[in-house]
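Worksheet: the structure to be examined is printed underneath.
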Amino acid sequence: MELFINGEWAPSVSGRTLPVYNPATGEIIDSVPAGNAEDADRAVRSARAAFDSWRARPMAERAALQHAAASALRTRKDEFARMLTLELGRPLAGARTEVERTAELLDYFAEEGLRLRGDIPLLNLPDERVLVVKEPVGVVVAIAPFNYPLTLLTFKLGAALITGCTVVAKPALDTPLTTLMLAELFSQVGFPPGAFNVVTGRGSEVGHALVEHPIPRKIGFTGGTAAGKCIAAAAAQTNKRLTLELGGQCPAIVCDDADLDVALPPLLRQTFDNSGQFCYRVNRMYIQRGIYDTFAERFAAAAGKLVVGNGMRPGCQLGPLVNEETWRKSEEHVHDALDHGARLLAGGVRLRGEEFERGYFFPPTVLADTNHAMKIMTEETFGPVVGLMRVEHLDEAIGCANDTPFGLAAFVFSKNLANALRAAERCEAGSVWVNNIHRSYNQAPFGGFKESGLGREKSRYGLEEYLELKTIYLSL
Ligand code: NAP
């Protein structure tokens, strides 16, 4: 595939390309241009040229186009899902869910756009009115990671386009294909040339050039904390607005009085879905002494039954990790924990057999008797490995949960709702789930405390991040 700039496919100025691999088989499935600073400049200028007329379109027209994109995406769900499974490895059922959620997000933002309001403060001044209006921030650079390439891009894209901004997207090296397909789909349903452009290539090259470019006014970024800090530093040179969704290393607290039949299924999903490659997954658990052994045994047994394999195979629950680096990180966290005295309860060793030979497969892995001297309890794994630690009481669990620079999400399980709510209030995290874990809703803000982020995505708060407030003083 090529770059998508100004409503057209275009090669990179350099002519260089990068292969895209299927992480389940190691095969090359396509290639994309290795974009550079000149490509970034072309895309940004195209977005800037489209901005004035796009922001002038009535909100209802922008909303109708966004609903049309959602509808077209639903029609082509299987095609997008198959490509997602090929480039990312996630089992097909989960890939279909991502496509559906992307369409829901587009619909949601279209509707939320129709609810946007300005203010006229009642100042009671006879000859003056004060109007507080909201304006689109301008050209937006949207940089997405590999793990949910469509939905994580749409947190930015859906909010930016409905508010009247235009967008240059930079997908991850590993998963650029579905983003390019999405840009073409938007063009086909009637979005004007330049409203949604995509450049591919390395974050350190074309991504950095986009962040440094003087024209964009905002960066919407999801990715690791290290890259987020680099981007924030570069964006500060031109005082760009920022929304940063960064790394997570999320704790779950399971109290003695938790109902394990209730707690185990969601904790299992939240630990191993997408092979552990999502930001608000459970990386570590603090379990009260009274139920520690029972919990560990039941959790490890359930983890051991999850089916790992090529995501195209029906019934498969965990696909491969996206690349060798991510795969090695899981292995490193297991070795480090075992070296420091942890006990291996499930997984931990590379899967063998024909299906696994050429892909980056790692089994669901449960480590017991961990502590904060181990990487599994302090660094983001981004793979299917979890650490269990025994604690005496809730205060100790909360202290451990907060003993981290991260603050994306936390999870609490207790039948005592007063204790659970107090624990939720004390957890330093942008979202806390109590006694169940389900998806994060489009209507609710999502984002991190501390080094896990800046600003919020989704909900009306996420939409407001793509708007500037302007105060107009009007003398009559
Ligand atoms: P990553 O390595 O930080 O990359 C994310 C994106 O940023 C990629 O498109 C990457 O391009 C680009 N990039 C990297 N350095 C850049 C730079 N200096 N300037 C501009 N762009 C740059 O993250 P990842 O490995 O793809 O994703 C995993 C991370 O994302 C995890 O830490 C996870 O927690 C985080 N995440 C956070 C959330 C959230 O909502 N908080 C959600 C999902 C994921 P290349 O691919 O070319 O390197």
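Every number for a ligand or one of its atoms is a count from 1 in the order of the listing. Residue numbers count from 1 along this sequence.
L246 O, 2.7 Å is the protein heavy atom nearest to atom 41 (N) of ligand 1. For atom 12 (C) of ligand 1, the nearest non-hydrogen atom of the protein is I143 CG2, 3.7 Å. Ranking protein heavy atoms by distance to atom 46 (O) of ligand 1, first place goes to L173 N, 2.8 Å. Nearest to atom 9 (O) of ligand 1 among the protein's heavy atoms is A144 O, 2.8 Å. With hydrogens left out, the protein atom closest to atom 4 (O) of ligand 1 is G223 CA, 4.6 Å, a heavy atom. Of all protein heavy atoms, the one closest to atom 27 (O) of ligand 1 is P145 CB, 3.3 Å. The protein atom (non-hydrogen) at minimum distance from atom 23 (O) of ligand 1 is G224 N, 3.5 Å. Here the protein heavy atom with the shortest distance to atom 33 (C) of ligand 1 is F382 CE1, 3.2 Å.
In this structure, P171 is part of the shell of residues with a heavy atom less than 4.0 angstrom from ligand 1. By the 4.0 Å heavy-atom criterion, G448 is excluded from the residues contacting ligand 1. In this structure, G453 has no heavy atom closer than 4.0 Å to ligand 1. Residue-ligand proximity: A226 is placed with every non-hydrogen atom at 4.0 Å or more from ligand 1.
Test T166, V168, I215 against R48 for side-chain contact (heavy atoms from CB on, under 4.5 Å) and you get one pass: I215. Applying the salt bridge (Lys or Arg N to Asp or Glu O under 4.0 Å) test between R328 and each of E324, E332, E325 identifies E324 as the sole match. Checking T370, T378, T404 one by one against R284, the side-chain contact (heavy atoms from CB on, under 4.5 Å) holds for a single residue, T404.
Counting heavy atoms closer than 4.0 Å to ligand 1, residue Y280 contributes nothing at all. Contacts of N147 with ligand 1, taken as heavy-atom pairs under 4.0 Å, involve the side chain alone. With a 4.0 Å cut-off on non-hydrogen atoms, L210 does not touch ligand 1 at all. When heavy-atom distances to ligand 1 are checked against a 4.0 Å cut-off, E457 has no atom that comes that close, whether in backbone or side chain. Residue L152 touches ligand 1 through its side chain alone, judged by heavy-atom distances below 4.0 Å.
Those atoms of ligand 1 with a heavy atom of G201 less than 4.0 angstrom away are 47 (O). Distances below 4.0 Å separate heavy atoms of G207 from the following atoms of ligand 1: 19 (N), 20 (C), 21 (N). Under a 4.0 Å criterion applied to the non-hydrogen atoms of A172, ligand 1 contributes the atoms 8 (C), 9 (O), 46 (O). Heavy-atom proximity to G248, at under 4.0 Å, picks out these atoms of ligand 1: 34 (O).
On a distance-only criterion, L408 and ligand 1 share no N/O pair closer than 3.5 Å. Inclusion of A227 in the set of residues having an N or O under 3.5 Å from an N or O of ligand 1 is not warranted. At a 3.5 angstrom cut-off on N or O pairs, F446 does not count as close to ligand 1. For a threshold of 3.5 Å applied to N or O pairs, the pair formed by K170 and ligand 1 contains at least one separation below that value. Considering backbone and side-chain N/O atoms, G203 comes within less than 3.5 Å of an N/O atom of ligand 1. Not one N or O of F221 is nearer than 3.5 Å to an N or O of ligand 1, by distance alone. The distance criterion of under 3.5 Å between nitrogen or oxygen atoms is met by E380 with respect to ligand 1.
The nearest protein heavy atom to atom 1 (P) of ligand 1 is closer than 4.0 Å.
For the pair K218 and Y466, the cation-pi test (distance below 6.0 Å, angle within 45°) is passed. In this structure, R460 fails the cation-pi test against F109, since its NZ or CZ atom is not both closer than 6.0 Å to the six-membered ring centre and inside 45 degrees of the ring normal.
More than 12 non-hydrogen atoms from other residues, nucleotides or ligands lie less than 6.0 angstrom from CZ of R350. For H67, the NE2 atom sits in a packed shell: over 12 heavy atoms of surrounding residues, nucleotides or ligands are nearer than 6.0 Å.
Under the 3.5 Å distance criterion, with hydrogens and angles disregarded, no donor-acceptor pair is assigned to the side chains of E104 and Y108. No side-chain N or O of T243 forms a donor-acceptor pair with one of K156 less than 3.5 Å apart.
Distances from atom 39 (C) of ligand 1 to the heavy atoms of S440, G35, C279 show the closest one on C279.
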